[in-house]
Protein chains: 4
Amino acid sequence: MHTIVLEKIKEYYLELLPFNKVLGIGIDHLDYDSCEAIVSFPMAPELVGNPVAGILHGGVTASVIDLTGGLSALISCAKFHEGSSPEVIAQKLTASATIDMRVDYLRPGKGRSFQCKSRIIRAGSRIVVSKIDLVNEQEVRIATGTATYLIG
Amino acid sequence: MHTIVLEKIKEYYLELLPFNKVLGIGIDHLDYDSCEAIVSFPMAPELVGNPVAGILHGGVTASVIDLTGGLSALISCAKFHEGSSPEVIAQKLTASATIDMRVDYLRPGKGRSFQCKSRIIRAGSRIVVSKIDLVNEQEVRIATGTATYLIG
Amino acid sequence: MHTIVLEKIKEYYLELLPFNKVLGIGIDHLDYDSCEAIVSFPMAPELVGNPVAGILHGGVTASVIDLTGGLSALISCAKFHEGSSPEVIAQKLTASATIDMRVDYLRPGKGRSFQCKSRIIRAGSRIVVSKIDLVNEQEVRIATGTATYLIG
Amino acid sequence: MHTIVLEKIKEYYLELLPFNKVLGIGIDHLDYDSCEAIVSFPMAPELVGNPVAGILHGGVTASVIDLTGGLSALISCAKFHEGSSPEVIAQKLTASATIDMRVDYLRPGKGRSFQCKSRIIRAGSRIVVSKIDLVNEQEVRIATGTATYLIG
């Protein structure tokens with residue numbers, strides 16, 4: 001059952017959200033019990049924000065931090081509605097939304113590929129807060145963020 | 001002279017930053033004296049983040065808030081180096097970067113087109129803080145943000 | 001009736017919250033319809049955070065921004081429960097809490113007295129977001145903040 | 001030499017900043033190499049922000065997060081000016097200031113005593129970013145924060 005929910009969330013993110021395709025993200029891992037989420041994407045010419053330095057656009061960084069934290073929030077949401085019908089859970093998932101987010105840009109976004117990891121630091125029935133880190137393929141932390149989500 | 005600097009900033013943003021093209025942004029207005037910046041972009045299928053509601057992806061919102069606030073920071077940077085050679089100013093501009101940003105998602109990102117306005121609330125020789133608002137074509141405020149920039 | 005609710009909120013803040021007495025705050029104005037709140041306090045030796053410059057401690061600034069934004073949130077909460085018994089409203093008020101807050105320190109906290117003004121930028125049944133400004137007696141803006149509240 | 005600098009920072013915080021005395025803080029640990037700082041304080045009647053629940057005022061939480069993160073920033077500042085005269089270092093320390101801060105209130109501030117720990121996540125010559133956690137005597141995390149400092 002948990003696997004079905006995680007597959008639904010994955011499908012929703014990868015198939016139905018056009019901007020996630022623009023970013024080129026894949027989902028490496030979703031954990032039902034801990035609500036951890038890991039997303040990755042390769043560097044691509046259209047994601048560049050500083051042509052001189054060849055680094056990631058700050059908007060790409062912010063986007064991936066928001067969507068990875070959102071995956072943790074969706075898992076948390078699904079857990080709160082565990083036992084509900086798939087239709088109810090699907091409705092709750094699409095009704096969830098980011099309230100606010102802080103992004104700290106720690107180092108220039110250099111790299112060939114990037115991984116973004118999220119974990120939950122507050123899990124409520126209505127409010128979920130995620131802590132998110134973006135690293136490159138050498139595990140250098142490029143950015144970190146905290147985001148607050150309203151759960152459907 | 002001021003016009004030349006503003007044209008350089010515009011060219012840099014619109015021609016040289018690939019991700020800005022993905023977002024489809026245009027620059028409506030840059031004001032040298034006040035450092036205000038206005039950016040706009042039309043809704044597009046690839047910018048959608050919630051297919052059920054047909055609203056803007058939160059990452060698009062965050063991206064446009066960051067880049068519009070960055071325009072205000074760049075103008076402020078150019079003013080601080082007023083009188084320097086174009087080469088020096090160009091170098092300062094590419095050396096500027098976002099330190100951190102907060103985004104508040106106030107209402108669902110519905111609309112046919114969007115406008116993002118930034119003004120400066122702290123103007124230092126090294127640190128600039130911008131306050132940014134995103135509205136749709138009906139002047140409904142969708143999101144607001146505050147971003148801190150390090151100036152080259 | 002509205003006056004009674006506002007008086008209750010005032011009494012709660014000024015009589016029952018010990019740390020508000022430490023800060024020396026008074027409530028200048030609460031508006032039921034707009035949810036605006038205005039708080040003021042005089043400079044005092046124990047509020048200093050930089051003895052060389054004689055300026056406000058950053059924690060005082062953050063405290064007053066949080067509590068003033070909280071007043072707007074409480075009025076909003078009371079409005080949502082309009083018509084409920086005073087007991088229910090009182091219970092809702094004490095169940096409300098800050099979720100997260102950003103403070104931007106714009107200028108050194110110099111002044112003989114300070115005023116803090118809050119207005120609501122998102123008013124939901126569960127989530128309220130306030131925008132808050134702190135100025136000194138010469139209307140110089142010292143700090144600004146955005147805070148998200150969970151409503152009881 | 002390092003010990004002298006840390007003692008100077010301690011003295012400055014504990015003797016010269018009146019609001020730190022109001023909060024009742026002590027400094028448990030400062031580490032020169034890692035820039036880690038640990039501060040603690042006991043619950044006290046005047047620090048209460050919700051008389052029903054008997055919990056910490058949100059402003060106290062924000063204050064301690066700001067000042068603990070500031071200690072990490074001051075150590076980082078002192079390291080950057082290593083070798084300078086004590087007078088120069090003292091001048092740099094008092095010229096440092098918080099630029100902005102985010103606080104996430106994760107759980108009600110219940111406890112008999114509290115400890116606040118800060119570490120640096122960005123160490124620049126001008127900008128330092130600290131990550132700060134507040135826990136009670138049972139190691140329950142009550143709040144977390146991220147703060148950006150301008151270094152003298």
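Letters A, B, ... are given to chains in the order of the sequence lines, protein chains preceding strands, and every chain is numbered from 1.
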Check your understanding: For chain D, which of C:V103, C:L47, C:V60 has the most heavy-atom pairs under 4.5 Å?
Key ->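 When all of C:V103, C:L47, C:V60 are compared, C:V103 has the most.
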
Looking only at C:G49, C:A62, C:A44, the option with the highest number of non-hydrogen pairs under 4.5 Å against chain D is C:G49

Judged by atom type as modelled, is there a donor-acceptor pair below 3.5 Å linking the side chain of C:N50 to the main-chain atoms of D:T94?
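A pair under 3.5 Å: yes.
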
Note: D:P18 and C:V48 closest approach over all heavy atoms is CD-O, 3.4 Å

Ranking D:T148, D:T61, D:V52, D:N20 by heavy-atom pairs under 4.5 Å to chain C gives rank one to D:N20

Calculate, to the nearest 0.5 Å, the distance between atoms [atom1] and [atom2] belonging to [X] and [Y] respectively.
| X | Y | atom1 | atom2 | value |
| --- | --- | --- | --- | --- |
| D:Y105 | C:I99 | OH | CD1 | 12.0 Å |
| D:L17 | C:E46 | CG | CD | 14.0 Å |
| C:H57 | D:T98 | NE2 | OG1 | 8.5 Å |

Identify which part of [X] has an atom lying under 4.5 Å from any heavy atom of chain D, answering side chain, backbone, both or neither.
| X | result |
| --- | --- |
| C:Y12 | side chain |
| C:D104 | both |
| C:L23 | side chain |

